[in-house]
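The residues of the chain are indexed from 1 along the displayed sequence.
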Amino acid sequence: MRNTLLRMLVALMCALTVCADITPAADFDLQKMSGKWYTVALATNAPWFVNNKAGMKTGTTVIVLTEGGNMDLNYSSLKDDGSCYRATHTAQKTETPGRFTFHSQVWNNDNVMTIVDVVYNDYALVHTVKTKEGVSEAFIAVYSRTNESSEVVQQKFTQLAVEAGVMPDNAVILPQNAECPAV
């Protein structure tokens with residue numbers, strides 16, 4: 001437990017340095033974030049993404065509010081072989097509305113997630129700093145209430161990715177994909 005807290009503190013300090021200029025959406029309303037979103041665009045310079053981006057497609061993210069004001073993030077994406085990739089994280093609210101932290105057991109990294117821009121019935125631009133072994137990387141996503149996004153949202157996404165230091169080739173609008181079956 002002590003090591004986990006220490007690791008989270010170090011990661012938070014590293015991430016705050018990286019995301020110090022990232023401002024959450026004004027008047028953020030967690031209640032309105034709940035529900036189903038499609039992940040329609042991703043951007044990062046992380047090697048795992050660069051090596052796999054050509055085969056990536058849209059997936060879904062279902063946000064469920066918890067009693068404590070946190071949010072459960074339930075990701076799923078249908079793979080080419082018909083199986084599903086699934087991951088779940090509980091993002092803890094911070095003192096800053098629109099900013100959350102969580103540890104990924106799957107990737108063994110600590111994350112600071114900021115909702116940068118949101119129109120609750122349309123899209124959300126999400127900036128996450130992922131920190132593992134002292135190395136922090138920016139990760140930008142577009143969540144959409146439909147399985148595509150407008151040109152205006154795509155331009156906002158590209159601009160945020162560039163501002164976060166992501167190489168232009170690593171900002172990808174994902175091709176549409178079928179959804180994973182419900183469990």
Side-chain angles (χ1 to χ4, degrees), residues 8 15 19 22 24-44 46 48-49 52-53 55-94 96-131 137-150 152-154 156-157 160-161 171-183:
M8 286 293 286
C19 70
I22 302 301
D27 300 320
F28 178 76
D29 186 339
L30 180 58
Q31 184 74 31
K32 293 179 181 177
M33 280 297 295
S34 66
K36 182 177 179 178
W37 296 88
Y38 292 87
T39 307
V40 297
L42 297 173
T44 183
W48 67 266
F49 180 78
N52 294 294
K53 66 184 179 185
M56 298 181 100
K57 297 177 184 166
T58 58
T60 59
T61 301
V62 177
I63 297 175
V64 179
L65 305 182
T66 68
E67 285 186 32
N70 300 315
M71 61 182 174
D72 286 337
L73 304 165
N74 302 293
Y75 303 102
S76 64
S77 181
L78 187 64
K79 297 180 184 181
D80 288 339
D81 67 4
S83 66
C84 286
Y85 167 79
R86 296 183 192 274
T88 300
H89 304 292
T90 297
Q92 307 292 321
K93 67 180 179 178
T94 67
T96 304
R99 185 165 289 146
F100 301 84
T101 62
F102 64 93
H103 177 77
S104 171
Q105 297 293 334
V106 173
W107 300 105
N108 192 30
N109 61 17
D110 295 305
N111 299 267
V112 177
M113 183 175 89
T114 305
I115 312 303
V116 176
D117 184 19
V118 62
V119 175
Y120 298 101
N121 64 350
D122 187 9
Y123 73 92
L125 289 176
V126 181
H127 179 281
T128 303
V129 176
K130 298 176 175 290
T131 303
E137 297 173 312
F139 182 82
I140 314 302
V142 175
Y143 294 169
S144 176
R145 292 293 186 179
T146 66
N147 61 1
E148 56 190 15
S149 59
S150 70
V152 171
V153 172
Q154 291 176 20
K156 289 180 178 188
F157 160 72
L160 180 60
V172 179
I173 306 301
L174 301 171
Q176 292 182 11
N177 193 18
E179 293 181 41
C180 289
V183 267

Beyond-backbone contact of Phe157 with Leu125, side-chain heavy atoms, under 4.5 angstrom: yes
Closest contact, heavy atoms only, Thr114 versus Arg99: OG1-NE, 3.0 Å
Side chain proximity check, Pro181 to Cys84, heavy atoms < 4.5 angstrom: yes
Non-hydrogen side-chain atoms of Cys180 and Thr60 separated by less than 4.5 Å: no
Chi angles and distances behind the side-chain hydrogen bond (donor to acceptor under 3.5 Å, both in side chains) call for Asn111, Asn109: CA-CA 7 Å; Asn111 299 267; Asn109 61 17; 2.9 Å; yes
Any side-chain heavy-atom pair of Asn74 and Thr88 under 4.5 Å: yes
Phe100 backbone acceptor or donor facing Thr94 side chain under 3.5 Å: no
Distance-minimising heavy-atom pair for Pro24 and Thr96: CG-CG2, 3.6 Å
Thr58: partners by side-chain hydrogen bond (donor to acceptor under 3.5 Å, both in side chains), with sequence neighbours left out: none
Ala161 to Ala171 - nearest heavy-atom pair and separation: CB-CB, 4.2 Å
Side-chain heavy-atom pair Gln92, Asn70 within 4.5 angstrom cut-off: yes
Residues that Lys79 engages under salt bridge (Lys or Arg N to Asp or Glu O under 4.0 Å), provided they are two or more places apart: none
Trp37 CH2 to Asn147 CG distance, which is reported to the nearest 0.5 Å: 14.0 Å
Flag side-chain contact, heavy atom, 4.5 Å: Trp107 against Lys130: no
Partners meeting ring-ring contact (aromatic ring centres under 6.0 Å, His included) with Tyr75 (sequence neighbours left out): His89
Heavy-atom pair of closest approach, residues Gly69 and Leu30: O-CD2, 3.0 Å
For the student: nearest non-hydrogen atoms of Asp29 and Tyr120, plus distance: N-OH, 2.7 Å
Residue pair Ser149 / Ser144, side-chain donor-acceptor N/O under 3.5 Å: no
Flag if over 12 foreign heavy atoms under 6.0 Å of CG, Asn52: yes
Exercise: do Tyr38 and Glu179 side chains pair donor with acceptor under 3.5 Å: yes
Side chains of Lys53 and Leu42 in contact at under 4.5 Å (non-hydrogen atoms): no
Non-hydrogen side-chain atoms of Lys57 and Asp80 separated by less than 4.5 Å: yes
Interatomic distance, Leu65 atom CG to Lys93 atom NZ [nearest 0.5 angstrom]: 11.0 Å
Nearest non-hydrogen partners of Asp110 and His103, listed with the distance: OD1-ND1, 2.6 Å
Candidate pair Phe49 and Val172, rule side-chain contact (heavy atoms from CB on, under 4.5 Å), full reasoning: CA-CA 10 Å; Phe49 180 78; Val172 179; 3.9 Å; yes
N/O donor-acceptor pair under 3.5 Å between Asn177 side chain and Leu78 backbone: yes
Straight-line distance of Ile115 CD1 to Met71 CE, nearest 0.5 Å: 4.5 Å
